[in-house]
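Encoded as structure tokens, the structure appears first; notes follow it.
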Amino acid sequence: MSKAKVLLQIYQKMFDTLGPQYWWPGETPFEIIIGAILTQNTSWSNVEKAIRNLKNTGKLTPEAIHELNVTELSQLIRPSGFFNVKARRIKTFMDWLFSNYGGSLSRLFAQDLQTLRSELLAVKGIGPETADSILLYAGNLPTFVVDTYTYRIFSRHGFIPEESSYDEIKSLFEENLPKDVKLFNEYHALLVNTGKMFCKPKKFCEQCPLKEFL
DNA sequence: ATCCTGAGGC
DNA sequence: GCCTCGGGAT
């Protein structure tokens, strides 16, 4: 069977079992960008507290965060963990956004996808997963997000080698699926939820919607 | 005690 | 390739 067909079957099975995921859980593109950095190796419930702090103090705008110093910002995002590094990463991103795009997200996302992706990866603190999350969920651009769950689910099922790189896994999806923003959005969200509930470090294959693909 | 929608530095 | 960053939930 073709890779394209298997990928769509896996998608369909997860969707039928788990339903639409309504991602990203953020109200604005800017909130999604901040969330993408805050959630690095961190559970979303803790990110929500940090975002709540920013909202409550009126700091969840490009201008407001640009004016905060790193120490003030780190205290607001404290509940998300790694708050010192993340405060620096957010500030570095904001400095870059203002010097290259005048602080405008619409100008940012008007940029060509591949150009913008390599620009984002050059910003210190923005790695491949964060870059792709920003592009897909804040920018509505057709790039596939790969994460720990994607790797774990597909390597456990023997669909990809253990030593697969981020870009190799990303290519598997992008070369075998239509470049559809809505599909990429839902597919990654479903993989995350499947990973959280079933494909954990400790396996729960019996209840997993993808057990028939083992 | 383990894990959480990673990335940079060495 | 290994270490660090880290509070919060379970």
**Message:** Nearest 0.5 Å, please: how far is CZ in A/Arg156 from CD in A/Glu162?
**Reply:** 10.0 Å
**Prompt:** With rounding to whole Å, what would you report as the distance between B/dT2 and C/dT4 at their P atoms?
**Reply:** 16 Å
**Prompt:** Rounded to whole angstroms, how far apart are NZ on A/Lys202 and P on B/dA1?
**Reply:** 19 Å
**Intermediate values then yes/no, side chain to side chain contact (heavy atoms under 4.5 Å, CB included), A/Asn185 and A/Gln21** = CA-CA 9 Å; A/Asn185 177 321; A/Gln21 302 296 303; over 6 Å; no
**Item:** Nearest-angstrom distance, C1' atom, C/dG6 to B/dA1
**Value:** 16 Å
**Request:** Assign A/Asn46 to base, sugar-phosphate, or nothing according to its heavy-atom contacts below 4.0 angstrom with the strands shown.
**Result:** base
**Message:** Need to verify one output field. Residue with the more 5' nearest nucleotide on DNA chain C, A/Lys49 or A/Asn41?
**Reply:** A/Asn41
**Prompt:** Considering the options A/Asp132, A/Thr150, A/Asp147, which one meets the side chain to side chain donor-acceptor pair (under 3.5 Å) requirement together with A/Tyr166?
**Reply:** A/Asp132
**Message:** Please tell me whether A/Trp96 and A/Leu121 are part of a single hydrophobic cluster in this structure, the criterion being side-chain heavy atoms less than 4.5 Å apart.
**Reply:** no
**Prompt:** Quick one: do A/Arg52 and A/Glu48 make a salt bridge, cutoff under 4.0 Å?
**Reply:** no
**Asked** Between C/dG8 and B/dA7, how far is it from one P atom to the other, in whole Å?
**Response** 23 Å
**Message:** Measuring from the side chain of A/Arg152 (C-beta onward, heavy atoms only), which nucleotide among B/dC4, B/dT5, B/dG9 has the closest atom?
**Reply:** B/dC4
**Fill in**
Footprint ends on DNA chain C, 5' to 3', for atoms under 4.0 angstrom from a heavy atom of chain A, come out as C/dC5 to C/dA9
**Asked** Does the side chain of A/Asp95 pick up a donor-acceptor pair with the side chain of A/Thr92 at under 3.5 Å?
**Response** no
**Prompt:** What integer distance in Å separates A/Lys200:NZ from B/dA1:P?
**Reply:** 20 Å
**Prompt:** Distance only, no hydrogens: is a donor on one side chain within 3.5 Å (strictly under) of an acceptor on the other, for A/Tyr22 and A/Glu186?
**Reply:** no
**Request:** Measure from CZ on A/Phe93 to P on B/dG8 and round the result to the nearest Å.
**Result:** 14 Å
**Message:** Any base atoms under 4.0 Å from A/Val146, or only sugar-phosphate, or nothing? Heavy atoms, all strands.
**Reply:** nothing
**Prompt:** With rounding to whole Å, what would you report as the distance between C/dC3 and B/dT5 at their P atoms?
**Reply:** 23 Å
**Prompt:** Is there a residue in residues 126-142 of chain A whose heavy atoms reach under 4.0 Å of DNA chain B, and which residues are they?
**Reply:** A/Ile126, A/Gly127, A/Pro128, A/Glu129, A/Thr130
**Asked** Hey, is the side chain of A/Lys124 poking within less than 4.0 Å of OP1 or OP2 on B/dG9, counting only N and O atoms?
**Response** yes
**Item:** A/Thr39 side-chain N/O to A/Gly35 backbone N/O, donor-acceptor pair under 3.5 Å
**Value:** no
**Asked** When the distance from CG of A/Asn193 to P of B/dT5 is rounded to whole Å, what number comes out?
**Response** 10 Å
**Request:** Calculate the interatomic distance between A/Lys86 atom NZ and B/dT5 atom P; express it in whole Å.
**Result:** 11 Å
**Prompt:** Does the side chain of A/Ser74 come under 3.5 Å of the side chain of A/Lys86 through a donor N or O and an acceptor N or O?
**Reply:** no
